[in-house]
Amino acid sequence: MDVYNVHERLLPVPEREAGALIDSLASDGDRLWPRAAWPPMAFDRPLRAGAAGGHGPVRYRVAAYVPATWVRFAFSGPRGFHGFHEYAALPAGGAHADGAHSVLRHTLAMAARGPARLTWPLFWRPLHDACLEDSLDRAELACTGTVARPARWSPYVRALRALAR
């Protein structure tokens, strides 16, 4: 099963400012990862290529990193996750080509093999989607001081979280 999953948020800041949120990942001053509600993102060293870690049972290493622009994480777990996830700060383009707007995008691309063919759609995807929307809410809050339309967890996500406890 091939998986391609994208979450993005238009932010009223230049892409370098959105990219600074990526740079804060897994640090004491992390302004992007929703660690109050989800397992924290942590690595064995500061954010840079080769750092190993993850969040909760999801494990990965930093495959590539361009400060204030992009970071890619290559999965090492759970079993059956073969691919990557990444954050990128991009110019908004179109009506926002003034450089004062950017898009913060999270992309997950993987081949789900073995047990992940079942666990991705039933367990991991709903949790992933909720976590990423919470992350983009944090990005919007960091850039604007407010969140126009805060993400809400579905009853299914709430049930999965209760079962995981």
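Values reported hereafter were calculated over all heavy atoms of this structure, with side chains retained and with hydrogens, waters and symmetry mates removed. From a predicted model like this one, the values you see are computed outputs, not experimental measurements.
Under a cut-off of 6.0 angstrom, the local environment of CZ in Arg48 is crowded, with over 12 non-hydrogen atoms contributed by other residues, nucleotides or ligands. Heavy atoms from other residues, nucleotides or ligands lying under 6.0 Å from CZ of Arg113 number more than 12. A 6.0 Å sphere centred on CZ of Arg117 holds no more than 12 heavy atoms belonging to other residues, nucleotides or ligands.
Side-chain N or O atoms of Ser135 include one that pairs as donor or acceptor with a backbone N or O of Leu32 at under 3.5 Å. The closest donor-acceptor contact from the side chain of Arg72 to the backbone of Glu86 lies at 3.5 Å or more, if one exists at all. The closest donor-acceptor contact from the side chain of Thr119 to the backbone of Pro115 lies under 3.5 Å. Judged by distance alone, the side chain of Asp44 and the main-chain N or O of Ala52 form a donor-acceptor pair under 3.5 Å.
Taking the side chain as every heavy atom from C-beta outward, Arg125 and Asn5 approach each other to under 4.5 Å. Annotation: side chain of Leu90 is not in contact with side chain of Ser102 (no heavy-atom distance under 4.5 Å). In this structure the side chain of Arg16 reaches within 4.5 angstrom of the side chain of Thr69, judged on heavy atoms. Between Pro34 and Cys131, the closest side-chain pair of non-hydrogen atoms falls below 4.5 Å.
For Ser76, the side chain to side chain contact (heavy atoms under 4.5 Å, CB included) partners at least two apart in sequence or on another chain are Arg59. The ring pair (Phe, Tyr, Trp, His ring centres under 6.0 Å) check on Phe73 picks up Phe43, Tyr60, His85, with sequence neighbours excluded. In terms of the side chain to side chain contact (heavy atoms under 4.5 Å, CB included) criterion, residue partners of Pro12 (sequence neighbours excluded) are, by chain and number, His101, Thr144.
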Show the atom names and distances, to 0.1 Å, of all donor-acceptor pairs under 3.5 Å that link a side chain in residues 17-28 to residues at least two apart or in another chain.
from  : atom 1 : to    : atom 2 : distance (Å)
Asp23 : OD1    : Tyr65 : OH     : 2.6
Asp23 : OD1    : Ala68 : N      : 2.8
Asp23 : OD2    : Ala68 : N      : 3.1
Ser24 : OG     : Leu21 : O      : 2.7
Ser24 : OG     : Arg31 : N      : 3.0
Ser27 : OG     : Ser24 : O      : 2.6
Ser27 : OG     : Gly29 : N      : 3.2
Ser27 : OG     : Asp30 : N      : 3.3

For residues 155-165, run the donor-acceptor check on the side chains, cut-off 3.5 Å, and write out each pair with its distance to 0.1 Å, sequence neighbours left out.
from   : atom 1 : to     : atom 2 : distance (Å)
Tyr156 : OH     : Leu122 : O      : 2.6
Arg158 : NH1    : Trp153 : O      : 2.5
Arg161 : NH1    : Ala37  : O      : 2.9
Arg161 : NH2    : Ala37  : O      : 2.8

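Criterion: ILVMFWY side-chain heavy atoms under 4.5 Å apart, direct or through other members. Under it, Val3 and Leu127 are part of a common hydrophobic cluster. There is no path of hydrophobic side-chain contacts, each under 4.5 Å, that joins Phe84 to Leu47.
The pair Glu133-Arg9 meets the salt-bridge criterion, with a side-chain N (NZ, NE, NH1 or NH2) lying under 4.0 Å from an Asp/Glu carboxylate O.
The hydrophobic cluster containing Val147, built from Ile/Leu/Val/Met/Phe/Trp/Tyr side-chain heavy atoms closer than 4.5 Å, also comprises Leu141.
Note on ring orientation: taking the six-membered ring where Trp is involved, the planes of His128 and His7 are perpendicular (angle over 60°, cut-offs 30° and 60°).
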Can you list the steps and then say if Thr107 with Tyr87 is a side chain to side chain donor-acceptor pair (under 3.5 Å)?
-> CA-CA 7 Å; Thr107 303; Tyr87 280 100; over 6 Å; no
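Residues His55 and Trp33 bring their aromatic ring centres within 6.0 Å.
Ala49 and Ala63 make their closest contact through CB-O, 4.3 Å (heavy atoms, listed as atom of the first residue, atom of the second, distance). Nearest heavy atoms, Trp70 versus Ala88: CD1-CB, 4.0 Å. Nearest heavy atom pair, residue Asp134 against residue Ala151, reads OD1-CB, 3.8 Å.
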